[in-house]
Amino acid sequence: MQIEENVSLKSLNTLHLNSVSKYYIVLKSRQEIPDVIDYVKKNKLNFFVLGGGSNIILPEFYDGLTIKNEIKGVSKLKEDDSFYYIKVGAGEIWDDFVGYSVINKYYGLENLSLIPGSVGASVIQNIGAYGSEVKDCVDCVEIYDTKNNTYEIFSFKDCKFRYRNSIFKDELNRYVVISITFKLLKKENLNLSYKDIKKVITDPKLCNSMELRNCVINIRKNKLPDFNIIGNVGSFFHNPIIDKSFLDELLLKYPNIPFFKDSEDKFKVSAGWLIENIGLKGYRKNNVGTYDKQALVLVNYADATKTEILDFANYIIDKVKTVYNIRLNIEPIII
Ligand code: NAP
């Protein structure tokens with residue numbers, strides 16, 4: 001077991017926050033996990049698992065052990081009439097796997113192209129984009145339970161997937177994701193429902209999986225900041241889910257508010273629109289701002305700290321609450 005000390009995590013988080021971890025270890029295989037967790041428990045250390053660092057807000061100093069999950073591997077386990085079952089290590093890069101699936105004609109992940117981060121992280125927040133969520137393609141998840149010191153296989157149901165949420169987020173840091181088995185369609189079934197996609201793909205019959213992936217990549221590149229250039233963690237707030245009666249009230253005042261049916265009596269409203277409509281798109285305070293092409297994305301223009309990011313986020317939350325009486329929730333995980 002090779003534990004390093006005082007390691008900078010700046011290049012390992014897409015917000016580019018200056019952060020130093022007191023202890024740091026890279027995990028390359030499932031077999032290493034019990035010893036690492038045993039060490040953590042014996043030494044009463046805090047710990048957290050770091051994937052691609054694309055949905056996390058790090059402190060300037062982390063007084064514990066950062067476990068970098070680099071468990072790799074992609075293999076086809078089996079197939080039936082409708083699906084291929086592909087097992088993927090949690091440390092694989094998400095978009096590399098999406099590209100691989102499209103090339104191999106394993107269908108279902110096209111709309112989730114170019115989302116930054118690792119395969120393991122995809123199930124933690126049930127990543128979603130353009131009408132698809134990763135849960136739609138998950139068969140099961142292999143984990144290590146750090147509470148009971150056991151390896152387990154979580155079925156789809158065990159994962160308790162919800163909108164940008166799962167059991168892995170409910171009980172953060174209890175489970176180390178080892179691998180995910182995806183259930184990918186043999187037959188192409190493209191989801192072209194979102195307006196940005198419809199604008200580009202006007203004739204669905206002429207579109208295939210690779211074209212849809214390229215379309216999503218282009219839309220994202222045009223609308224979202226490249227974290228290699230400007231630090232960000234993608235969408236910073238969840239889209240709020242509200243009751244029909246409250247939506248009706250809002251519509252009287254704001255008839256243009258975009259809304260989408262969520263469940264029987266619940267509707268999702270666009271958090272980006274709420275922020276933009278009060279003039280805070282492209283708004284900047286010192287090192288932090290909302291992105292000028294997408295108000296839902298907070299960006300680190302220079303050397304922002306966790307405190308600056310959260311102060312700015314709270315400023316946005318307060319403004320939105322005052323104007324609409326809606327409380328926005330922060331999407332990334334705060335360490
Ligand atoms: P958009 O198309 O401008 O739409 C604004 C919001 O309305 C989206 O957040 C989306 O909710 C919702 N929406 C739009 N069309 C919808 C439909 N036909 N049915 C149901 N809901 C609909 O959104 P955008 O900001 O450019 O983002 C496009 C997609 O990429 C969204 O799905 C967004 O979630 C995703 N994205 C995710 C991240 C991330 O970090 N998680 C970052 C950037 C973009 P949903 O968010 O529920 O889809």
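Atoms within each ligand, like the ligands themselves, are counted from 1 in listed order.
For atom 22 (C) of ligand 1, the closest heavy atom belonging to the protein is Y194 OH, 3.1 Å. Counting only heavy atoms of the protein, atom 7 (O) of ligand 1 lies nearest to F260 CE1, 3.1 Å. Here the protein heavy atom with the shortest distance to atom 40 (O) of ligand 1 is S235 N, 3.1 Å. With hydrogens left out, the protein atom closest to atom 2 (O) of ligand 1 is K195 NZ, 4.0 Å, a heavy atom. Of all protein heavy atoms, the one closest to atom 23 (O) of ligand 1 is K223 NZ, 4.4 Å.
Taking every heavy atom of G234 and a limit of under 4.0 angstrom, the matching atoms of ligand 1 come to 40 (O). Residue-ligand proximity, G128 to ligand 1, at heavy-atom distances under 4.0 Å covers atoms 34 (O), 35 (C), 37 (C). Each of the following atoms of ligand 1 lies closer than 4.0 Å to a heavy atom of Q294: 24 (P), 25 (O), 26 (O). Atoms of ligand 1 found under 4.0 Å from any heavy atom of A129, numbered from 1 in the order shown, are 30 (O), 32 (O), 35 (C). Numbered from 1 in the order shown, with element, the atoms of ligand 1 that lie under 4.0 Å from a heavy atom of E331 read 39 (C), 40 (O), 41 (N).
Between R164 and ligand 1 there is a heavy-atom distance shorter than 4.0 Å. By the 4.0 Å heavy-atom criterion, Y163 is counted among the residues contacting ligand 1. Distances from ligand 1 to the non-hydrogen atoms of L224 include at least one value under 4.0 Å.
The environment of Q2 atom CD is sparse: at most 12 non-hydrogen atoms of other residues, nucleotides or ligands sit within 6.0 angstrom.
Ring to ring, Y84 and F182 are not that close: their centroids are 6.0 angstrom or more apart. Aromatic ring centres of Y144 and Y175: separated by at least 6.0 Å. Proximity of the aromatic rings of Y23 and Y39 is defined here by a centroid distance below 6.0 angstrom, and this criterion is not met.
Inspection of the R174 and T146 side chains reveals no N or O donor paired with an N or O acceptor under 3.5 Å. A donor-acceptor contact closer than 3.5 angstrom links the side chains of Y324 and N277.
Looking at Q125 next to ligand 1, no N or O pair under 3.5 Å apart turns up.
Contact annotation: for N239 versus ligand 1, heavy atoms closer than 4.0 Å belong to the side chain alone.
In this structure, atom 4 (O) of ligand 1 has no protein heavy-atom contact shorter than 4.0 Å.
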